[in-house]
Amino acid sequence: YGPKPTQNAKTVQTAKSKLVTVALARKQLEAVREKFLAAKDTIALGPGAQLNPYDPRGKAFDAAVDALRTTIRQITRTPGEGAMSDWEGRMAQAQLPGRGELESATSQKIDQIDDMLSVIDEGYKGLLGDVPQAAPQQGGGSDEFVVGKEYEDASGNKAVYRGNGKWEPR
């Protein structure tokens, strides 16, 4: 009832909703990272984890990954795509770390999820005008932003570039 929201209003609403979910995923990913570091170099992780499946450190890591699982799906799901097949579900979840994997692979997966969240965060903030979209080239280097420097976009929004595609709003 009432007028339908314009496509722009829908885009803004979707972007805001996704940013809330990205913030939740970041908190959950930090919990995964903390549990990983607490269990690293023990029998709780890696190929030896199957020898002690009830290790409390390993169980805590599993619980942290499980909490992240649904949130990642919410972020990466495309509206209107319908139900996933079992195979699609397994493929979507393959990016998540598991305690039976080598620690180097687990660490890499955690970093890749962090990178993915940064890209998604930047994209939605860009739609909302919350992230500087351009900055002058500095010193002829390949990175167009200087780590630690504050930038301002055309709308007056300010953010500090933290490197690796990460911004801190001011």
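Keep in mind that this is a model prediction, so the values were computed, not measured.
- Here the shortest heavy-atom pairing between F61 and K35 reads CA-CB, 3.7 Å.
- Grouping the Ile, Leu, Val, Met, Phe, Trp and Tyr side chains by contacts below 4.5 angstrom, directly or via other members, places L127 with I75.
- Residues F36 and S107 have side chains in contact (heavy-atom distance under 4.5 Å, counting atoms from C-beta outward).
- In the hydrophobic clustering of this structure, L96 groups with L37; members are Ile, Leu, Val, Met, Phe, Trp, Tyr whose side-chain heavy atoms approach within less than 4.5 Å, directly or through other members.
- Hydrophobic cluster membership is shared by I120 and L128, with clusters built from Ile, Leu, Val, Met, Phe, Trp and Tyr side chains linked at under 4.5 angstrom.
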What pairs of donor and acceptor atoms, side-chain ones from residues 24-31 against any protein atom, are under 3.5 angstrom apart with sequence neighbours left out?
{"from": "R26", "atom 1": "NH1", "to": "D114", "atom 2": "OD1", "distance (Å)": "2.9"}
{"from": "R26", "atom 1": "NH2", "to": "S118", "atom 2": "OG", "distance (Å)": "3.0"}
{"from": "Q28", "atom 1": "OE1", "to": "T71", "atom 2": "OG1", "distance (Å)": "2.7"}
{"from": "Q28", "atom 1": "NE2", "to": "A67", "atom 2": "O", "distance (Å)": "3.2"}
{"from": "Q28", "atom 1": "NE2", "to": "T71", "atom 2": "OG1", "distance (Å)": "3.3"}
{"from": "E30", "atom 1": "OE2", "to": "R33", "atom 2": "NE", "distance (Å)": "3.3"}

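- Nearest heavy-atom pair, R57 versus A44, reported as atom, atom and distance to 0.1 Å: CB-CB, 4.0 Å.
- Here NZ of K18 is found 12.5 Å from OG1 of T11. Values are rounded to the nearest 0.5 Å.
- Between K59 and D62 there is no salt bridge, since none of the side-chain N atoms of the basic residue sits less than 4.0 Å from a carboxylate O of the acidic one.
- Closest heavy-atom contact between A39 and E103: O-OE2, 4.3 Å.
- Between I113 and L68 the shortest side-chain heavy-atom distance falls below 4.5 Å.
- Of all non-hydrogen atoms in V65 and P97, the two that sit nearest each other are CG1-O, 3.5 Å.
- K109 is listed as a side-chain neighbour of E101, based on a closest heavy-atom distance under 4.5 Å.
- Using a 4.5 Å heavy-atom cutoff, the side chains of I110 and V32 are in contact.
- Using modelled atom types, one side-chain atom of T21 and one backbone atom of S17 make a donor-acceptor pair closer than 3.5 Å.
- When all heavy atoms of Q95 and M116 are compared, the pair lying nearest together is OE1-SD, 3.8 Å.
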